[in-house]
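The block underneath contains the structure these notes are about, expressed in structure tokens.
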Amino acid sequence: MDAVINGAHLVFSLDVLLVIALSALFGIFVGAIPGLTATMAVALLVPITFYMDPTPAIAAIVTTSAMAIFSGDIPGTYLNIPGTPASAAYVSESYQLAQKGKAREALGTNLICSVFGGIFGTIVLIIVAQSLAEVALQFSAFEYFWLAILGLTCSIFISFGSKTKAFLSLLFGIMLSTVGLDMMSGAPRFTFGIPDLMGGVNFIPVMIGMFALSELMSYYGSSSEKKTIAAISKDSIFKNAPHNLMKYKKNVLRGSTIGTFIGALPGAGADIAAWISYAMGKSMSKDRKAYGTGNIEGIVDASSANNSGISGAWVPALVFGIPGDSITAIVIGVLYMKGMNPGPTIFMDESGLIYALFIVFIIANLMMLPIGYMAIRLSKIFILTPSKILMPIILCFCIVGAFAINNSIIDIWLMLIVGGIAFVLSRNDFPMAPAILGLVLGGTVENNFMSAMMRTDGNFLSFFSRPISATLGVIVILIWVSPLIISCVKRIRGMRIEDTVSR
Amino acid sequence: MRDFLIGLGFIIAGGAIIYTAQQFPTLPSLSFGPSLFPSLVGGGFCLGGLLMASSNIKIVMASSGFRQREPIEWKSLMHSLLPVVMIIFYITFSDMLGALTTIGLIMFVLMKARKTPILIAAITSIVMSSLIYFIFSKYLLIPLPQGELFNEVKQWML
Amino acid sequence: MFIKQNQKTVKTTLLSSIAATVLIASGPLFADYPERPITLIVPWAAGGGTDATARTIGKALEEQLGQTVNVVNRTGGSGVVGHTAISNADPDGYTIGLATGEVNMMHWLGLTDLTYRDFTPIAQINYDFPGVQVASDAPYDSLEELVEAIREEPKGTFTASGTGQGGVWHLAFAGFLMDQGMAADKVRWIPSEGAAPAMTELASGGIDIVPSSVPEARSMIEAGRVKSLGVMAPERIPSFPDVPTIEEELGTDYQVGEWRGIAGPTGMDPEVVSTLESALEDAYNSDTYQDFMSEQGFGTEWRNAEEFGNLMEEMDAVFGDIVQQVGLAAD
């Protein structure tokens, strides 16, 4: 109990609270700028946290990442430019809602779901971190392979329009993930002798290119000065939120649970969580047809999942010092630097640092409500600013943002080339979201596959030899096969297939 | 028609990928290696491209070739390349002019391209580019190019 | 490559004339070095051990030089990207980098043409030794038992992980096997993105051995999931006094590890190098640096510019030999 009180003392001091407030603003700001992401916000914080005491340093990171994940949905909703790979899952959904004049309602519901998801994940972290981490440690290459395949399958499953195009888009992303030094053999692939490409393709410049640049290109291609968002939306931020939450309370819980669990797996993060829970939401929804046309239900599932995934990722990080995602990978380094060595001892530490961390988590998530509300109100600026002024500014942020992640000019080239390809593809009704997931998960699929094969001398059946792995494998195969079975049954009954017709 | 061409593009890209992948080494104890995944992707490109092209070829044939084609608006296509040109401008000149000047210029040109009044364009570009520059280089410690030209001039002045 | 060259030509043609006049006008350039902030390139990701080392030495160096030291991460490609950036920087002393032992491996593996000759050594500041970690429920209580088990079982029975193919712990462990009179590939190497994912695999029973540095295994050792059987160091590591050295266990003086040091591009002014060298020596001896390193369990080892250069040369031959034996050498 002393430790809890010590922890509270550490947090409730003026400078820590000030740091939390400032990092909240920083996180909201970085997340809301098209092209800048949560991971980047945290990476940019590292040099600054280096000069801070442990509690404010951790507080800064926790607050920033939670805020940035949420506010990444703001440009997603208004401009169709998602802030993180996790929000790419539902960006078209929220953009469609915005076009119906429901941007604020979408963001308001999203905000509350994010807060709920974040707090849910934190409570799980506080109560069952130890045992959840034990479960997570049962996952090895075999399980991660299936989990990543499941994520990729979901991206096809939830896409709209032609499945062939979604498939090709996914492959495009996987293709990009193979660029660079192959981890397994150490052989460089598709690097064309450029040393910078040895490091592989970072998803940040690719995301900027695919969404922001291709959006900019179509803006300059069209001569009309049209407002992209129907009218200036006057809808209330929170008015419909309670109704939406009550209606979809199962979705909130399901999203948060899936998010926390997948987030807690060291080899899988908030991005897979968001896609899988979005896909689950769709397959279990009563009105599946509304998906893709601006349906708030999909946003509820996925936005609860990605924020709870952020909290979940801290489970293996704190218990075993093994990062749950790219953000906690940075966090562990900072923890070490601050003398908080992750591991079971961190929970026994009497100085109360760990409780300070838990309290910070809860404060950060609660702070999201007022600051997020402010941000949503302020984001009117995206509509009020005439496109002819807004677009050039976005372009400059894109250039600087692409450069900033690795301080490399090559990343600007990458953004340019990918943006060009994405422009052509999206003009021809290719969905771009699967490509992002392909890029993020391509390496996971390949490396875990190869690693498993190396251990078992190429015996593919080994993917079914461990219980969790076998279960996941069967689920994936069922998802693949079930549309075929259903369509066969329907054909036998002489019914027309409705869902699988491609455009 | 467009789908047909894009499908064709994917088939060619797939072929090129498979060809390149054949030169990758294999893993010590296995019969496959780093070439497996790129080859699968290449194969997928070919398959998907084929599907797209073939489902489209009927339409192309039926309309006796080119009547279906929407007229490509060359002018609008050129306009959409404007951001691309600006980015290449940044890549080429930012080391010399510095990030601050370069993004300022880019903003100004892009705003003028959409007929923003000159005063508004000038003021917003100056304010926003300075803001971006200072946030990134001073606050976030990103080593944006400072501009060798100015460094040299500054040194010379002292 | 073509991009860089294009930029360079544009730059040089436009600037050469101005630069020439300026150079003459401003007199001896390095008189008051350093007069502006210094960039320290780190070839590894923010948050990792090398990054932390770089930031700490950077902070200490800042106190010595009275100039800001900006740490910049250039990651990827097993270190190729960052090391290339260091060696391509202007040799004016304002861009230096934290070079790591990968300099002695990358070129043997055929990843790059870059060798230790493409750097100006300034000072070595750290040396980490590989340990031998196994799951805590593994049936070996000493390194000797493990080595005997490896020797008796057929090739490929045991698997190990901890870095990518040809990474430092891979080569160090292969060298260890060779030292014990076994084939370098007697234990199958399963590449991984680093020590952390390898630790998970070790705990979930996917692999048998992780020969990473002992501090990298600390949290798993404390969690009772992993035990360290030995460390390939000349003496025990102060923060892990229970882990014996391989000399105590097996009577061998084999030791190959990961060095980290400050280096710059070739062609640096000798005066600048010696300014940096002496500032680094003070930074190395500062409490900031020493306290941090001992708390982390990272090894400290000082070599001045000349000794550091010799170490690089010496290790280059050692790793060349191992890479050859493992069968990873580029043609």
Pick one of side chain, backbone, both or neither for [X], based on which atoms fall under 4.5 Å of a heavy atom in chain B.
X: A:Leu171; answer: both
X: A:Leu45; answer: neither
X: A:Phe190; answer: both
X: A:Leu213; answer: side chain
X: A:Leu395; answer: side chain
X: A:Ile393; answer: both

Please answer whether the main-chain N or O of A:Val424 pairs with a side-chain N or O of A:Asn428 as donor and acceptor at a distance below 3.5 Å. yes
At their closest point, which heavy atom of [X] faces which heavy atom of [Y], and how far apart are they?
X: B:Met107; Y: B:Ser129; result: CE-N, 3.9 Å
X: A:Lys388; Y: B:Met111; result: O-CG, 3.6 Å
X: B:Pro38; Y: B:Ile17; result: O-CG2, 3.4 Å
X: B:Leu81; Y: A:Met217; result: CD2-CE, 4.1 Å

Under 4.5 Å from any heavy atom of chain A, what part of [X] do you find: side chain, backbone, both or neither?
X: B:Leu82; result: side chain
X: B:Ile135; result: side chain
X: B:Phe24; result: side chain
X: B:Leu51; result: side chain
X: B:Leu47; result: neither
X: B:Met128; result: side chain

A:Leu22 atom CG: more than 12 heavy-atom contacts under 6.0 Å: yes
For the interface with chain B, which of A:Leu425, A:Thr178, A:Ile174, A:Asn407 has the highest count of heavy-atom pairs at distances below 4.5 Å? A:Asn407
Looking at A:Val400, A:Leu216, A:Val445, A:Leu170, which makes the most heavy-atom pairs under 4.5 Å with chain B? A:Val400
State whether A:Tyr219 and B:Arg114 meet the cation-pi test: NZ (Lys) or CZ (Arg) under 6.0 Å from the six-membered ring centroid, and within 45° of the perpendicular axis. yes
From CA spacing to verdict: ring-ring contact (aromatic ring centres under 6.0 Å, His included), A:Phe167, A:Phe172: CA-CA 9 Å; A:Phe167 176 65; A:Phe172 176 49; over 10 Å; no
Salt bridge or not for A:Glu446 and A:Arg189, using N-O below 4.0 Å? yes
Using a 4.5 Å cut-off on heavy atoms from C-beta on, say whether the side chain of A:Asn80 contacts that of A:Glu215. yes
When [options] are compared by non-hydrogen pairs under 4.5 Å with chain A, the top option:
options: B:Thr124, B:Val84, B:Ile106; answer: B:Val84
options: B:Leu36, B:Leu144, B:Val109, B:Ile132; answer: B:Ile132
options: B:Ile103, B:Ile87, B:Ile120; answer: B:Ile87

Is the centre of the A:Phe463 ring less than 6.0 Å from the centre of the A:Phe449 ring? yes
